[in-house]
Amino acid sequence: MYCKNCGEQMNDNQAICLKCGVKTGQGNAFCSNCGQPVAPEAEVCLSCGVAIKKAGNYGNYDKIVIALVCFFLGGLGIHNFMLGETKKGIVRLVLTVLCMGIGGIIALVDFIKILMDKYEVNPDKAF
Ligand SMILES: [Zn+2]
Ligand SMILES: [Zn+2]
């Protein structure tokens, strides 16, 4: 793992970069997977092909679309499926069906994060 702010190599369990003092996952100047510089708006690292995680980035969908889907169908994990978070979506679906809507409560948290641009998309690598 590399610091996304300065590109320094880091331990996987390090919470803060010892070189620049920025929290792990903060910054958008370097790829956390290979440590190569990336463009601030890049969605994929051109050096290693890994998707660059960025809160508030929903790929092909508008924020408002994801927010609405999350609000009405979030308990079924539909917004997770749309964003490629298949495993997360299945967990939501099972939780909602088995536990009388617990997934819906989690989805409400997602909804608030989406509105505040704090939601970070973590698509499954290969499913
Ligand atoms: Zn750093
Ligand atoms: Zn990379």
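One-based numbering, in listed order, for ligands and for the atoms of each. Keep in mind that the numbers below use all heavy atoms, side chains included, and drop hydrogens, waters and symmetry copies.
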- Answer yes or no: is there a side-chain heavy-atom contact under 4.5 Å between Leu76 and Phe81? no
- Least distance between heavy atoms, Ser32 atom then Lys4 atom: CB-CG, 3.6 Å
- To the nearest 10°, what's the angle at the Zn ion (ligand 2) between atoms SG (Cys34) and SG (Cys45)? 110°
- Could you go step by step and tell me if Tyr61 and Met82 meet the side chain to side chain contact (heavy atoms under 4.5 Å, CB included) rule? CA-CA 9 Å; Tyr61 300 103; Met82 287 169 74; 3.4 Å; yes
- Query: Which angle, to the nearest 10 degrees, do you find at the Zn ion (ligand 2) between SG in Cys31 and SG in Cys48?
  - Reply: 110°
- Message: Could you check whether Lys118 pairs with Asp110 (Lys NZ or Arg NE/NH1/NH2 to Asp/Glu carboxylate O, under 4.0 Å)?
- Response: no
- Note on the structure: Angle subtended at the Zn ion (ligand 1) by Cys3 SG and Cys6 SG, to the nearest 10 degrees, is 110°
